[in-house]
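One structure below.
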Number of protein chains: 2
Amino acid sequence: MTTPEENKLIYYVKKWVNITKDDESAILSAFEQASIRKKKDLLVPGEICKYNYFIIKGCIRTYYIDDKGVEHIYHIRFDNNWVGDLESFFSQKPSKYYIEALEDTQYIRISKDRLDQLYDEVPAFDRYFRILFQKAYVNTLKRLNANMWEPAIDRYKDMLKEHPDMFQRVPLTYIASYLGITPESLSRIRKKNNQ
Amino acid sequence: MTTPEENKLIYYVKKWVNITKDDESAILSAFEQASIRKKKDLLVPGEICKYNYFIIKGCIRTYYIDDKGVEHIYHIRFDNNWVGDLESFFSQKPSKYYIEALEDTQYIRISKDRLDQLYDEVPAFDRYFRILFQKAYVNTLKRLNANMWEPAIDRYKDMLKEHPDMFQRVPLTYIASYLGITPESLSRIRKKNNQ
DNA sequence: AACTTCACTTGACATAGGTCAATTTTATTT
DNA sequence: AAATAAAATTGACCTATGTCAAGTGAAGTT
């Protein structure tokens, strides 16, 4: 009944909260499984973000395009991570973002209504997301701090250390945007770092 | 039994989740009320952040001091907001931050153990914090975006618009740090903005 | 009221990183 | 394999913001 794909979510939920067998099946039945091909969009600006996505395997980026036509990347996420435009998802108002697959990607997804239902059915799931958001918030504060007060080369070295896989799987242009610099600057930083 | 101070918290909790009268008293009994004078610290680096604080009235900043001795301000918060070093609070490991009163401040506080208890007693409180962290996360992403991709003058104008009170209550030096610039730059930006 | 400290402003100069344009390298498509 | 497109590099130059130092003003303290 439960595929290995879905069980990956259960595995990660159990890392943080206790759930019963009943909870497990309630959770699993709330998700749909799907996949998307490289370069295709899960969401484009103007659309409402109807789902919250959990990546089983693959790579997803979220970004927006500013007035001058420049892309700015918020997130690049791999296996076993959540993605979505939370703001649009929770308000059910149109999004400003693109959510795009950078690799062929398998995911599971849950709609807002279904998630709200699930929160009522399985209070532990409320707690799971409380913990998840808490961690996401702390991490984003750290990223903010690094972007405000650390030079780009330190942010680059940090990423090399924390996410070496990123450089295998994602073009440098995207990594540059995620780090808050231009591709040219990243190129120069890498050159300096290799000498 | 319940003072007006404590009821402010209940008022804000009720904005987001439904709670019973029993829940209300469970919540209220979990908090202690206290106050702190201007320029005094709720937390200094090396200490564990034992409490999460809800400001009833006053102003609190959180900041750290870098290797070069420069202060960097994360948050400046007024009445009806939460403050604390979440990372230290949840891990119960030593903090890197100062949490300091910028005005004489009344607050209520809750310890980690008591909060964990409360989450079990009142599942709605879990949900309340889920929603709170979710919002904090989205807001921090916006702040990150602004700091990465918008010029300082836009961030300044934004603050003028969204938090005009800030300029009444907080020295410009602190506002500059919060905006991610030096006091000198803020001074020049303000000059330019007035002409 | 005088003293001291802190907050703010201004100027001269420095620098990290951005911009634009050309070139090379790598990947994708036919 | 050739053709095309996309990604990455490099150089010359620019700009926003930082740094350091001096000066003025405002606020808190004795």
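Throughout, protein chains are lettered first and strands after them, A, B, ... in sequence-line order, and every chain is numbered starting at 1. Bear in mind the structure is a predicted one, so any value in this text is a computation, not a measurement.
Under the rule for a side chain to side chain contact (heavy atoms under 4.5 Å, CB included), the partners of B:K191 that lie at least two apart in sequence or sit in another chain are B:Q195. By the side chain to side chain contact (heavy atoms under 4.5 Å, CB included) test, A:M166 pairs with A:I76, A:F78, A:M159, A:H163, A:V170, A:I175, sequence neighbours left out. A:D79 pairs by the salt bridge (charged side-chain N to carboxylate O under 4.0 Å, His left out) definition with A:R169, not counting sequence neighbours. In terms of the ring-ring contact (aromatic ring centres under 6.0 Å, His included) criterion, residue partners of B:F133 (sequence neighbours excluded) are, by chain and number, B:F129. In this structure, the ring-ring contact (aromatic ring centres under 6.0 Å, His included) partners of B:Y156, at least two apart in sequence or on a different chain, are B:F167.
Aromatic ring centroids of A:H72 and A:Y63 lie 6.0 Å or more apart.
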**Asked** Could you write nucleotides 12-30 of chain C as a row of B, S and -, 5' to 3', where a protein heavy atom under 4.0 Å of any base atom gives B, of only sugar-phosphate atoms gives S, and otherwise -?
**Response** B----SSBB-------S--
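The distance between atom CG of A:L172 and atom P of D:dA7, rounded to the nearest whole Å, is 11 Å. Spacing between atom CZ of B:R190 and atom P of C:dT10 amounts to 11 Å, rounded to whole angstrom units.
In this structure, B:R130 is positioned above the aromatic face of A:Y119, its NZ or CZ under 6.0 Å from the six-membered ring centre and within 45° of the axis.
An OP1 or OP2 oxygen of D:dA6 is reached within less than 4.0 angstrom by no side-chain nitrogen or oxygen of A:T173. The shortest distance between the side-chain N/O atoms of A:K191 and the OP1/OP2 oxygens of D:dT9 is not below 4.0 Å.
Sorted pairs that involve residues 41-55 of chain A and meet salt bridge (Lys or Arg N to Asp or Glu O under 4.0 Å), not counting sequence neighbours, are lacking altogether. Residue pairs meeting the salt bridge (Lys or Arg N to Asp or Glu O under 4.0 Å) criterion with at least one partner in residues 59-70 of chain A, sequence neighbours excluded, are A:R61-A:E71, A:R61-A:E100.
For the contact set between residues 69-76 of chain A and DNA chain D, defined by any heavy atom under 4.0 Å, there are no members. Heavy-atom distances under 4.0 Å link DNA chain C to B:P171 of residues 163-171 of chain B, given in residue order. Proximity of residues 58-66 of chain B to DNA chain C (heavy atom under 4.0 angstrom from any strand atom) is not detected for any residue.
Aromatic ring pairs are classed by plane angle as parallel below 30°, tilted from 30° to 60° and perpendicular above 60°; the pair A:Y128 and A:W82 is tilted.
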**Request:** Go through the steps to decide whether A:K157 and A:K161 satisfy the test side chain to side chain contact (heavy atoms under 4.5 Å, CB included), and finish with yes or no.
**Result:** CA-CA 6 Å; A:K157 283 183 186 169; A:K161 202 173 143 204; over 6 Å; no
Which atom pairs, donor and acceptor, lie under 3.5 Å between side-chain atoms of residues 84-99 of chain B and protein residues at least two apart or in another chain?
from: B:D85; atom 1: OD1; to: B:E87; atom 2: N; distance (Å): 3.1
from: B:D85; atom 1: OD1; to: B:S88; atom 2: N; distance (Å): 3.3
from: B:D85; atom 1: OD2; to: B:S95; atom 2: OG; distance (Å): 2.7
from: B:E87; atom 1: OE2; to: A:K142; atom 2: NZ; distance (Å): 2.7
from: B:S88; atom 1: OG; to: B:C49; atom 2: N; distance (Å): 2.8
from: B:S88; atom 1: OG; to: B:K93; atom 2: O; distance (Å): 2.6
from: B:S91; atom 1: OG; to: B:E87; atom 2: O; distance (Å): 2.7
from: B:S91; atom 1: OG; to: B:K93; atom 2: N; distance (Å): 3.2
from: B:Q92; atom 1: NE2; to: B:F89; atom 2: O; distance (Å): 2.7
from: B:S95; atom 1: OG; to: B:Y97; atom 2: N; distance (Å): 2.9
from: B:Y97; atom 1: OH; to: B:Y74; atom 2: OH; distance (Å): 3.4

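Under the 4.5 Å side-chain heavy-atom criterion for ILVMFWY residues, no single connected hydrophobic cluster contains both A:Y11 and A:I55.
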